[in-house]
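What follows is a short report on a single structure.
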Amino acid sequence: QVQLVESGGGLVQAGGSLRLSCAASGRPFSMYTMGWFRQVPGKEREIVAGISANGGSAVYVDSVKGRFTISRDNAKNTGYLQMNSLKPEDTATYFCAASGLLRIPTTSKEYTNWGQGTQVTVSS
């Protein structure tokens, strides 16, 4: 199993930037596909971005394309989500997750390991 801990959330004004980090421990991080999800109260958890185990490919939800960048440093066992041009509608709890699947899953049920989440609040 891999354990995940997110950090980097906070309060930012619209148009600002944040970088979320996901520190992994336990089994080698390089074995897992990684995803970033977000959730607001009363709504389902939605994928924001996913990245393959070797970092060679990534997917994004349409609403963040061109603004968010997912990356990973397997040598540091850490994943990242760089969020630029933030909007109030990006406000949510953000979670990183790991999957043993070779492809990049886009649904939460396909991820087996989750962090505790970090809050991102974007003020208008």
Intermediate values then yes/no, side-chain contact (heavy atoms from CB on, under 4.5 Å), Y32 and I51: CA-CA 9 Å; Y32 297 90; I51 188 168; over 6 Å; no
If hydrophobic clusters are built by linking Ile, Leu, Val, Met, Phe, Trp and Tyr wherever their side-chain heavy atoms come under 4.5 Å apart, do V61 and V120 end up in the same one? yes
State which residues pass ring-ring contact (aromatic ring centres under 6.0 Å, His included) with F95; sequence neighbours excluded, sorted by chain then number. none
Using a cut-off of 6.0 Å, state whether more than 12 heavy atoms not belonging to Q116 lie near its atom CD. yes
Mind listing the closest non-hydrogen atom pair of A49 and L81 along with its distance? CB-CD1, 4.3 Å
For the backbone of A92 and the side chain of Q39, can you confirm whether one donor and one acceptor N or O come within less than 3.5 Å of each other? no
What are the two closest non-hydrogen atoms of R72 and M34, and how far apart are they? NH1-N, 3.7 Å
In terms of hydrophobic clustering (I, L, V, M, F, W, Y; side-chain heavy atoms under 4.5 Å; direct or indirect links), are V64 and W36 co-clustered? yes
Might you point out which heavy atoms bring F29 and N74 nearest each other, and give the distance in Å? CD2-OD1, 3.5 Å
Go through Q3 and N113 one step at a time and tell me if the side-chain contact (heavy atoms from CB on, under 4.5 Å) criterion holds. CA-CA 7 Å; Q3 292 78 45; N113 302 86; 5.9 Å; no
Write down the atom of T118, the atom of G9, and the distance for their closest heavy-atom approach. OG1-N, 3.2 Å
Closest non-hydrogen contact found for Y60 with K65 is O-CE, 3.3 Å
Charged N to carboxylate O under 4.0 angstrom, R103 versus E110? yes
Just by distance, do the side chain of S52 and the backbone of S57 share a donor-acceptor pair under 3.5 Å? yes
List the steps, then state whether side-chain contact (heavy atoms from CB on, under 4.5 Å) holds for R45 with W114. CA-CA 12 Å; R45 196 169 293 189; W114 292 85; 3.2 Å; yes
Taking every non-hydrogen atom, the tightest pair across F37 and T106: CE2-O, 4.3 Å
Determine, using the 4.5 Å side-chain heavy-atom cutoff (strictly less than), whether I47 and I70 are members of one ILVMFWY cluster. no
Keeping T91 on the side-chain end and V122 on the backbone end, is there a donor-acceptor pair under 3.5 Å? yes
With a 3.5 Å distance limit and no angle check, can you tell me whether Y111 reaches the backbone of P105 through a side-chain donor-acceptor pair? yes
Is a side-chain donor or acceptor of S85 paired with a backbone partner of R67 at a separation under 3.5 angstrom? no
Salt-bridge present (D90, K87; N to O < 4.0 Å): no
Would you mind writing out the side-chain donor-acceptor pairs for residues 13-24 within the sub-3.5 Å range, not counting sequence neighbours?
unit_1, atom_1, unit_2, atom_2, d
S17, OG, N84, OD1, 2.9

same_hphob_cluster(I104, L101) at 4.5 Å side-chain heavy-atom cutoff: no
For T69, is there any backbone N or O sitting under 3.5 Å from a side-chain donor or acceptor partner on Y80? no
